[in-house]
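Counting starts at 1 for both ligands and their atoms, following the listed order. In this chain, numbering begins with 1 at the start of the sequence shown.
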Amino acid sequence: MQIYDPAFARVYNARWAGFAHRVAPLIFDFYEQTPTGHEHKSLLDLCCGTGQLAGYFLARDYRVTGLDSSPGMLAHARENARAHIEAGQARFIEGDAADYALDAPVGLVVATYDALNHLPDRAALRGAFRSTHAALVDGGWFIFDLNTRAGLLRWSGVNVQNDEDALLITRGVVVAEQDRAYTQITGFTRQESGLYERFEQVAYNTMFDLAEVEAALREAGFHRAYCARVDALDTPLEHPESESRVFIVAQK
Ligand SMILES: C[S@@+](CC[C@H](N)C(=O)[O-])C[C@H]1O[C@@H](n2cnc3c(N)ncnc32)[C@H](O)[C@@H]1O
């Protein structure tokens, strides 16, 4: 299990929430148009991180559970959703996406921004599919994105962000024979005192074969599963492996 440490969680909350903000309305609109979406206003944000996608659904009166393995990320998610937690509409729990259970089923499970690429292997991914199938109502939807093999093979390189608040150096290393791409992020972030705190974060993405992913979803009990682009979630892609990122849409 990969843990995002507290210093990195602070940077993530301040700088990397854009993806969740962009995709949340598209996933929401897709789900709301389905019969299950009319009936079940409940979401599990799996690998919720700092909870920005959860926040979009909370603002639209959904009951939301966020699950993540990182206490540092969960602390920000709880702070961001404090009023909704106090109102009993939201909760954020620590757990492993590869093996979890909910006390009551939900209509929609979502895992965004490479979250399931963080699982170490196919066995863990299959565990996530089994757990998610059990967490859904009949007819419920599971929507998640994956970086494809083609996308991850382009990850090598160095990126530098440098401004008043932080200096961030991101290095991407692809180890194709391990089916892995690593990002090592070294950062210096400005504290309230004006001093800079240094952190190191290494995260990896596992490459998954998309045909195998679809087959594993069906094996876990989903009756349909296909790859799509986030702006056309109802349209299966003919050649998903040529994309750099796909959304996988599955229905129980
Ligand atoms: C790139 S972040 C995505 C966060 C959020 N979904 C978003 O869209 O911004 C990946 C998240 O997955 C979490 N994570 C990684 N492995 C996990 C696991 N096995 N179980 C639960 N959470 C995990 C990390 O702690 C991190 O918060």
Exercise. Quick check: does D68 get an N/O under 3.5 Å from an N/O on ligand 1?
Worked result: yes

Problem set entry | G49: numbered ligand 1 atoms lying under 4.0 Å from its heavy atoms | 4 (C), 27 (O)

Problem set entry | Carboxylate-amine/guanidinium proximity below 4.0 Å for E197 and R10 | yes

Exercise. Would you call A111 a ligand 1 contact, heavy-atom distance under 4.0 Å?
Worked result: no

Exercise. Donor-acceptor pair, T50 side chain versus H76 backbone, under 3.5 Å?
Worked result: no

For this session: List for me each residue that meets ring pair (Phe, Tyr, Trp, His ring centres under 6.0 Å) alongside Y56, sequence neighbours excluded, and say none if there are none.
Result: F28

Exercise. Is there any N or O on H118 that sits under 3.5 Å from an N or O of ligand 1?
Worked result: no

For this session: Would you mind listing which atoms of ligand 1 come within a distance below 4.0 Å of any non-hydrogen atom of A97?
Result: 18 (C), 19 (N), 20 (N), 21 (C)

Exercise. Taking the six-membered ring for Trp, is the centroid-to-centroid distance between Y113 and W16 below 6.0 Å?
Worked result: no

For this session: Could you list which atoms of ligand 1 come closer than 4.0 Å to a heavy atom of G95?
Result: 20 (N), 21 (C)

Exercise. Do T235 and Y226 get their side chains close enough for a donor-acceptor pair, meaning under 3.5 Å?
Worked result: no

Exercise. Looking only at N/O atoms, are A115 and ligand 1 under 3.5 Å apart anywhere?
Worked result: no

Exercise. Which bit of L119 is near ligand 1, meaning a heavy atom under 4.0 Å away: side chain, backbone, both or neither?
Worked result: side chain

For this session: Using a strict cut-off of less than 4.0 Å between a Lys/Arg side-chain nitrogen and an Asp/Glu carboxylate oxygen, indicate whether E86 and R78 qualify as a salt bridge.
Result: no

Problem set entry | Ligand-side contact atoms (ligand 1) for residue partner A20, heavy atom cut-off under 4.0 Å | 8 (O)

Exercise. Among pairs that include at least one residue of residues 164-176, which meet side chain to side chain donor-acceptor pair (under 3.5 Å), considering only residues two or more places apart or in two chains?
Worked result: R171-T186

For this session: Using atom types as modelled and distance alone, determine if a side-chain donor or acceptor of D68 lies under 3.5 Å from a backbone N or O of G49.
Result: yes

Problem set entry | Nearest neighbour of atom 2 (S) of ligand 1 from the list F144, W16, Y12, Y100, on a heavy-atom basis | Y12

For this session: For ligand 1, note which part of C48 has a heavy atom under 4.0 Å away: side chain, backbone, both or neither.
Result: backbone

